[in-house]
Novice: 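Submitted below is the structure of interest, expressed as structure tokens.
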Protein chains: 2
Amino acid sequence: MSRPLILNLSAVILAVTDDQPRVLTVYRRDARHTGATRADAPALPSGPLDADTDRTLEIALRRGSLEQTGIEVGYVEQLYTFADRGRDPRERDGGSRLVSVAYLALVREQHVAAGVGAQWQNAYDFLPWEDRRVPGSPAPHIAALAAWSAAAPSAALRRQREERGAISFGLTRAGWDGFQALERYELLYEAGLVAEAWRERARSSRPRGIGRSMALDHRRILATALARVRGKLKYRPVVFELLPPTFTLLQLQRLVEALAGIRLHKQNFRRLVNAARLVEGTGTLQSGSPGRPAELFRFRREVLRERQGPGVRLPGAAGRRAR
Amino acid sequence: MSRPLILNLSAVILAVTDDQPRVLTVYRRDARHTGATRADAPALPSGPLDADTDRTLEIALRRGSLEQTGIEVGYVEQLYTFADRGRDPRERDGGSRLVSVAYLALVREQHVAAGVGAQWQNAYDFLPWEDRRVPGSPAPHIAALAAWSAAAPSAALRRQREERGAISFGLTRAGWDGFQALERYELLYEAGLVAEAWRERARSSRPRGIGRSMALDHRRILATALARVRGKLKYRPVVFELLPPTFTLLQLQRLVEALAGIRLHKQNFRRLVNAARLVEGTGTLQSGSPGRPAELFRFRREVLRERQGPGVRLPGAAGRRAR
DNA sequence: TTCAATATGCTCAAAATGAGTATAAAAAGC
DNA sequence: GCTTTTTATACTCATTTTGAGCATATTGAA
């Protein structure tokens, strides 16, 4: 164990604004000095564990997030620990091995304190293939993936690539599964269709790549976070961490749609949410919007006593065929 | 960042034998020297990351598991990273901070190579309250938890403790949720009902504690692993990692019951498993057992193309009321 | 031959789901 | 003031899935 370790905490801080999932990013202060990453690739806020003062990782994460972005995160959950060799290009120069414990944090929409250098970005700018809310969208990555499969050196490998592509991108009878966001990113990475895959290879032949890049392997971490929220949505009432205390059912639906990346059947959505007794009406109506005013609802905390894995079901989402 | 870090990999290696989930344990070689833990508390196999040679954490884990137990693990999945201060009593003497990345591994029943010092233990010896397959079992921990709630210093806190206890131990209308294994362990820990909670406190007043102890916080890690398998069971075909290539439906059911810790309705279980097209008959029958011989089945890998989140549903498990 | 034990097929009511249709209540356009 | 547009909300209905149980089939052992 000669080579030293550095333990980092990285945060995927999510909010949803204007029906778009947003992720809070910073620009790495050290990018210029190393020249290893493009100077303008957005990064997730990350900070070291202070082994002397931070009693838990979560405390270190909250401290780091506040320091770097000025935001006090509420709901927080550990995601995954990333430690593959070569995550940080600086490692190769005999530097220390970088281990990052990634966390997912959910916050209500708010403005970042000016001057801190943190910015909200649309999460789907980085993972555009994950947003399937617009039905007519073309799918260039599907064609590119098919080409990659076809270029496989052996027939067996070709078959395997096709299989993986078909399953993770929902081209089979099983349909699209929002939960598989990480598998999709990793497949695109292997296929050389995201720019990060070309960092280690020849610069000249570098293709454009699908979606915006992030620093290091932060896009992979973002994909992990997206998969986690989407999964958790279904059996834990986490959406309410992203909403104000009262909200309309349409607001709730749009929020779920933004995270899940799909459209839902409106009437059935409200039926499910009501039947699960997840929310209760406040009696007051929302005004100022076009159309019939909607009732404001609030989260029913008691649902935790009453239901097994209370979460938001996705009516109309199952078995949806690929376009 | 003066204090050095040690990064450990810990493995929860699970198998199921004779309808009992088993976990592979070792006896810590260093326990005698420090005197900090009871010399005979079983521990999870753990080993350091070799930052020079281990390309990934998973590789380090496979290497460490093989070295310490002689077992080559198959299915492997990262669980959680534990890094709270004070996990290892030796930390207090100015030692280094211990960070453990825990993995879950599933293996088919097999015998440990003799002499390596590893042993299979019944997982429910450590977490006896998690096994609800026997209907008539008394529940001493429920009474003890109630006493702890009653002893709360304030009324608000008492209410809160009662609420937590009721929800995690399935005393509410929501019923028992196998997935909440970690919450239950943590509640018992806070209530001082597991022996580990008394390590830091006065030795004299130490109560017996429910269930067998493990070294350090390994029981918490085990609870995390149990919760994870139980959750994953439902949407990924992980059970088949624990079964031989062909098996009877009853074998499959007993295995699921062992992991889930509950009994299932037999006819409905086979209906679900069949309807989900998770398995296919081989045509051959099992012989030698009492009763009508059962057909042998095999896992249908193609199910991954056909179904969203293919896993084993738990018929008859929902809303089961507390005894 | 009978019994105990297991496997497997089948029924039936209740609940949940998918895909709508229908109606209500507001603001905006004219 | 009336119509149009827009959103909210109620209700329907066929289909599927679930919970619970009964009935029958096949084996080895008493």
Side-chain angles (χ1 to χ4, degrees), chain A residues 19 135 173 175-176 234-235 246-254 256-257 262-297 306-321, chain B residues 19 135 173 175-176 234-235 246-254 257 260 262-297 306-321:
Chain A
D19 300 343
R173 199 142 62 78
W176 176 263
K234 294 180 214 147
Y235 65 92
T246 69
F247 46 84
T248 68
L249 292 184
L250 189 62
Q251 264 182 286
L252 176 61
Q253 182 183 343
R254 291 285 179 247
V256 172
E257 288 177 336
I262 52 175
R263 293 218 150 279
L264 302 176
H265 184 285
K266 185 167 169 173
Q267 296 92 321
N268 290 347
F269 178 81
R270 51 170 41 240
R271 179 176 60 185
L272 282 185
V273 158
N274 272 318
R277 312 238 308 136
L278 262 180
V279 297
E280 65 191 352
T282 63
T284 56
L285 298 182
Q286 197 190 40
S287 62
S289 56
R292 174 173 169 179
E295 186 173 2
L296 288 170
F297 289 78
E306 300 165 3
R307 290 235 153 205
Q308 280 275 10
V312 183
R313 292 303 188 47
L314 307 179
R320 188 156 293 182
R321 214 51 31 75
Chain B
D19 300 343
R173 199 141 62 78
W176 176 264
K234 294 179 214 147
Y235 65 92
T246 68
F247 45 84
T248 68
L249 292 184
L250 189 62
Q251 264 182 287
L252 176 61
Q253 182 182 344
R254 292 285 178 247
E257 289 177 335
I262 51 175
R263 292 218 149 279
L264 304 176
H265 184 284
K266 186 167 169 175
Q267 295 94 319
N268 290 347
F269 177 81
R270 52 169 42 238
R271 178 176 60 185
L272 282 185
V273 159
N274 272 318
R277 313 238 309 137
L278 261 180
V279 297
E280 64 191 353
T282 63
T284 56
L285 298 182
Q286 197 191 40
S287 62
S289 55
R292 174 173 169 178
E295 186 173 2
L296 288 170
F297 289 77
E306 301 165 2
R307 292 233 150 205
Q308 290 261 19
V312 183
R313 293 302 188 48
L314 307 180
R320 188 156 292 182
R321 215 50 32 74

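Numbers restart at 1 for each chain; the letters A, B, ... are given by sequence-line order, proteins then strands. Note that the structure is predicted; figures quoted are calculated from it, not measured.
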Novice: Considering every strand and a 4.0 Å limit on heavy-atom distances, what is the contact class for Leu250(A): base, sugar-phosphate, or nothing?
Specialist: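 Sugar-phosphate only.
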Novice: Just the rounded figure in Å: distance from P of dA19(C) to CG of Leu314(A).
Specialist: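 Going from CG in Leu314(A) over to P in dA19(C) covers 14 Å.
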Novice: Sequence neighbours excluded, which residues qualify as side chain to side chain contact (heavy atoms under 4.5 Å, CB included) partners of Ala276(A)?
Specialist: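 Scan of Ala276(A) (side chain to side chain contact (heavy atoms under 4.5 Å, CB included), adjacent residues dropped) gives Leu278(A), Arg307(A).
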Novice: Could you state the CD-C1' distance from Gln308(A) to dA16(C), rounded to the nearest angstrom?
Specialist: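 For the pair Gln308(A) CD and dA16(C) C1', the rounded distance is 16 Å.
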Novice: Whole angstroms only, please: what is the CZ-P distance between Arg313(B) and dA16(C)?
Specialist: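 Taking CZ of Arg313(B) and P of dA16(C), I get 14 Å after rounding.
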Novice: Contact class for Glu295(A) vs. all strands (heavy atom < 4.0 Å): base, sugar-phosphate, or nothing?
Specialist: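 It contacts sugar-phosphate atoms only.
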Novice: What are the two closest non-hydrogen atoms of Trp176(B) and Gln308(A), and how far apart are they?
Specialist: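 Closest pair (atom of Trp176(B), atom of Gln308(A), distance): O-NE2, 3.0 Å.
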Novice: Report the residues that fulfil side-chain hydrogen bond (donor to acceptor under 3.5 Å, both in side chains) with Glu306(A), sequence neighbours left out, ordered by chain and then residue number.
Specialist: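 Here the qualifying residues are Arg300(A).
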Novice: Specify the separation, in whole Å, of atom NE2 of His265(B) and atom C1' of dG21(D).
Specialist: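 The answer, rounded to whole Å, is 6 Å.
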Novice: Let me know the distance between CD of Gln267(B) and P of dC12(C), rounded to the nearest Å.
Specialist: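 Going from CD in Gln267(B) over to P in dC12(C) covers 16 Å.
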Novice: Just jot down the side chain to side chain contact (heavy atoms under 4.5 Å, CB included) partners of Arg292(B), sequence neighbours excluded, or say none.
Specialist: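 In terms of side chain to side chain contact (heavy atoms under 4.5 Å, CB included), with neighbours along the sequence ignored, Arg292(B) is linked to no residue.
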Novice: Taking only residues two or more places apart in sequence, or in another chain, which ones meet Phe297(A) in a side chain to side chain contact (heavy atoms under 4.5 Å, CB included)?
Specialist: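 Once residues adjacent in sequence are excluded, the partners of Phe297(A) under the side chain to side chain contact (heavy atoms under 4.5 Å, CB included) criterion are Phe247(A), Leu249(A), Asn274(A), Val279(A), Glu295(A).
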Novice: Mind calculating the distance between CG (Leu296(A)) and P (dT7(D)) to the nearest angstrom?
Specialist: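 Rounded to the whole Å, the gap is 17 Å.
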Novice: Residues two or more places apart in sequence or in another chain: which of them pass side chain to side chain contact (heavy atoms under 4.5 Å, CB included) with Ser289(B)?
Specialist: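 Only Gln286(B) meet the side chain to side chain contact (heavy atoms under 4.5 Å, CB included) criterion with Ser289(B).
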Novice: Just to verify, what does Arg254(B) make a salt bridge (charged side-chain N to carboxylate O under 4.0 Å, His left out) with, not counting sequence neighbours?
Specialist: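 Result, salt bridge (charged side-chain N to carboxylate O under 4.0 Å, His left out) vs Arg254(B): Glu257(B).
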Novice: Run the side-chain hydrogen bond (donor to acceptor under 3.5 Å, both in side chains) test against Thr284(B) and tell me which residues pass, sequence neighbours left out.
Specialist: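 Partners of Thr284(B) under the side-chain hydrogen bond (donor to acceptor under 3.5 Å, both in side chains) test: Thr282(B).
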Novice: Using whole Å, what does the distance between atom C1' of nucleotide dA7(C) and atom CD of Gln253(B) come to?
Specialist: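 One finds 12 Å between C1' of dA7(C) and CD of Gln253(B), rounded.
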Novice: Considering only dT21(C), dG19(D), dA8(D), which nucleotide approaches the side chain of Ala294(A) most closely?
Specialist: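 The answer is dA8(D), which lies nearest to the side chain.
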Novice: Enumerate the protein-to-nucleotides 27-30 of chain D contacts in which both atoms are nitrogen or oxygen and the separation is below 3.5 Å.
Specialist:
none

Novice: Could you tell me how far apart Ile262(B) (CD1) and dG19(D) (C1') are, to the nearest whole angstrom?
Specialist: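 After rounding, the reported distance stands at 14 Å.
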Novice: For DNA chain C, which residues of residues 268-278 of chain A approach it to below 4.0 angstrom with any heavy atom?
Specialist: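 Heavy-atom cutoff 4.0 Å gives Asn268(A), Arg271(A), Leu272(A).
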Novice: Which atom names give the shortest non-hydrogen contact between Leu264(A) and Pro315(A), and what distance separates them?
Specialist: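 Here Leu264(A) and Pro315(A) meet closest at CD2-O, 3.6 Å.
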Novice: Tell me whether the side-chain N/O atoms of Lys266(B) come closer than 4.0 Å to OP1 or OP2 in dA7(C).
Specialist: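 For dA7(C), OP1/OP2 do have a side-chain N/O of Lys266(B) under 4.0 Å.
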